[in-house]
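Basis for what follows: all heavy atoms, side chains included, without hydrogens, waters or symmetry-related copies. Both counts, for ligands and for their atoms, begin at 1 and track the order of listing.
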Amino acid sequence: MQHFCAAMENKKIIITIDGWSSCGKSTLAKQLAKELGYVYIDSGAMYRAITLYFLRNHIDWTDTAEVNTALENIHIDFEYNPKSQQSEIILNGENVEYVIRDLVIAEKVSDVAAIKEVRSFAVAQQQKMGEKKGVVMDGRDIGTTVFPTAELKIFMTADIAVRVERRFKEMYEKNPNITLEEVKTNLEMRDYIDSHREVSPLRKADDAIEIDNTHLTMEEQLKIALDLVNK
Ligand code: CDP
C-alpha cells in the first residue's frame, strides 16, 4: 500500500488551462508549476512570437507559401531566466518575452493564430514539450487539441470588466499612453476571433473543470486548483 501511494505521488500528470483573454490563466499556471515542481509552458507566447516575426519580416500571412517559408525560419525555445525566476521565450536566439506583450502584437496575434499552418507548427512543438509529462500549459486549445487526454483540464473565466482592469494595469506599467478602452477592445476582439476560428477554436473541453476567478484571490484559486490535482 505504501509503495502504491508513493508511486501515485510520483506520477506526473499534464495540466491544461484554457480560457478567455487575460483571465488569469498564466498566473494560475505559474503558481501550480511552482507548487508541483512542474514546467510551465505559455503557449500564447509562441503565437505572439510568430506574430512578431511575421510583422518584422513583412510576411503576407494570407499567402500560404510565404507563411510556410517563414515558419521554416522560426525557432522557438523557452529558457529559464534566474533574474525573473521565469521561463522566457526565445525567438531565433533573441529573448522576446517582453516585446511580445505590446499592443501591436496583441492586435494581430489572433489573426495569425487562426492560420492552419501556424497552428500545426505550434501544436507539434507543444506536444513534444509535454512528452515527459509534469507540465502545466495554458492557452486556448490545450485541453481540446494539444493534450486531449490530459489528466486535469481547467477552463478559466472572469468578468470582462475585471479582465480589462487586470490587463490594463499590466500594460500601463510599460506604456502609460495605453487606454482602458484600447485594452477592452483588444480583449473582446481576440475573444471573438479565438472562439470563432475554423481550426481549434477556443472552447471548454467536455471534461474540463471551470474556475471563475472574478472574486477569487490568488491564494484561493491556487487552493481550488491544488485540490483538483490531488483528486
Ligand atoms: O495572456 P492572454 O490571455 O492575453 O493571451 P495569450 O495566452 O498570450 O495568447 C495570445 C493569443 O494567442 C490569443 O488571443 C490567441 O489568439 C492565441 N492563442 C491560441 O490561439 N492558442 C493558444 N493555445 C494560445 C494562444
By side chain to side chain donor-acceptor pair (under 3.5 Å), N81 pairs with (sequence neighbours left out) E88
Has R48 got a side-chain atom pairing as donor or acceptor with I100's backbone, closer than 3.5 angstrom?
yes
For each nitrogen or oxygen atom of ligand 1, which protein N/O atoms lie closer than 3.5 Å, and how far apart are they, rounded to 0.1 Å?
{"from": "ligand 1", "atom 1": "1 (O)", "to": "R167", "atom 2": "NH2", "distance (Å)": "3.1"}
{"from": "ligand 1", "atom 1": "3 (O)", "to": "S22", "atom 2": "N", "distance (Å)": "2.9"}
{"from": "ligand 1", "atom 1": "3 (O)", "to": "K25", "atom 2": "NZ", "distance (Å)": "3.0"}
{"from": "ligand 1", "atom 1": "3 (O)", "to": "R140", "atom 2": "NH2", "distance (Å)": "3.2"}
{"from": "ligand 1", "atom 1": "4 (O)", "to": "R48", "atom 2": "NH2", "distance (Å)": "3.4"}
{"from": "ligand 1", "atom 1": "4 (O)", "to": "R167", "atom 2": "NH1", "distance (Å)": "2.7"}
{"from": "ligand 1", "atom 1": "4 (O)", "to": "R167", "atom 2": "NH2", "distance (Å)": "3.4"}
{"from": "ligand 1", "atom 1": "4 (O)", "to": "R190", "atom 2": "NH1", "distance (Å)": "3.1"}
{"from": "ligand 1", "atom 1": "4 (O)", "to": "R190", "atom 2": "NH2", "distance (Å)": "2.8"}
{"from": "ligand 1", "atom 1": "5 (O)", "to": "R140", "atom 2": "NH2", "distance (Å)": "3.1"}
{"from": "ligand 1", "atom 1": "5 (O)", "to": "R190", "atom 2": "NH1", "distance (Å)": "3.2"}
{"from": "ligand 1", "atom 1": "7 (O)", "to": "R140", "atom 2": "NH1", "distance (Å)": "3.4"}
{"from": "ligand 1", "atom 1": "8 (O)", "to": "R48", "atom 2": "NE", "distance (Å)": "2.6"}
{"from": "ligand 1", "atom 1": "8 (O)", "to": "R48", "atom 2": "NH2", "distance (Å)": "3.4"}
{"from": "ligand 1", "atom 1": "14 (O)", "to": "S110", "atom 2": "OG", "distance (Å)": "3.4"}
{"from": "ligand 1", "atom 1": "14 (O)", "to": "R140", "atom 2": "NH2", "distance (Å)": "3.3"}
{"from": "ligand 1", "atom 1": "14 (O)", "to": "R190", "atom 2": "NH1", "distance (Å)": "2.9"}
{"from": "ligand 1", "atom 1": "14 (O)", "to": "D194", "atom 2": "OD2", "distance (Å)": "2.7"}
{"from": "ligand 1", "atom 1": "16 (O)", "to": "S110", "atom 2": "OG", "distance (Å)": "3.1"}
{"from": "ligand 1", "atom 1": "16 (O)", "to": "D194", "atom 2": "OD1", "distance (Å)": "2.6"}
{"from": "ligand 1", "atom 1": "16 (O)", "to": "D194", "atom 2": "OD2", "distance (Å)": "3.3"}
{"from": "ligand 1", "atom 1": "20 (O)", "to": "R119", "atom 2": "NH1", "distance (Å)": "2.8"}
{"from": "ligand 1", "atom 1": "20 (O)", "to": "R119", "atom 2": "NH2", "distance (Å)": "3.4"}
{"from": "ligand 1", "atom 1": "20 (O)", "to": "R197", "atom 2": "NH1", "distance (Å)": "2.8"}
{"from": "ligand 1", "atom 1": "20 (O)", "to": "R197", "atom 2": "NH2", "distance (Å)": "3.2"}
{"from": "ligand 1", "atom 1": "21 (N)", "to": "R119", "atom 2": "NH2", "distance (Å)": "3.0"}
{"from": "ligand 1", "atom 1": "23 (N)", "to": "S43", "atom 2": "OG", "distance (Å)": "3.0"}
{"from": "ligand 1", "atom 1": "23 (N)", "to": "R140", "atom 2": "N", "distance (Å)": "3.1"}
{"from": "ligand 1", "atom 1": "23 (N)", "to": "D141", "atom 2": "OD1", "distance (Å)": "2.8"}

Short question: side chain of N186, backbone of E182 - any donor-acceptor pair under 3.5 Å?
no
Tabulate below the donor-acceptor pairs under 3.5 Å that side-chain atoms of residues 133-141 make, not counting sequence neighbours, or state none.
{"from": "K133", "atom 1": "NZ", "to": "E151", "atom 2": "OE2", "distance (Å)": "2.4"}
{"from": "D138", "atom 1": "OD1", "to": "Y40", "atom 2": "OH", "distance (Å)": "3.2"}
{"from": "D138", "atom 1": "OD2", "to": "S26", "atom 2": "N", "distance (Å)": "3.3"}
{"from": "R140", "atom 1": "NE", "to": "D194", "atom 2": "OD2", "distance (Å)": "3.3"}
{"from": "R140", "atom 1": "NH2", "to": "S21", "atom 2": "OG", "distance (Å)": "3.3"}
{"from": "D141", "atom 1": "OD1", "to": "R119", "atom 2": "NH2", "distance (Å)": "3.4"}
{"from": "D141", "atom 1": "OD2", "to": "R119", "atom 2": "NH2", "distance (Å)": "3.0"}

I'd like to check the side chain to side chain contact (heavy atoms under 4.5 Å, CB included) partners of D60; sequence neighbours left out, ordered by chain and number.
T62, D63, E66
State, without any angle test, whether Q31 and Q221 hold a side-chain donor-acceptor pair at a distance under 3.5 Å.
yes
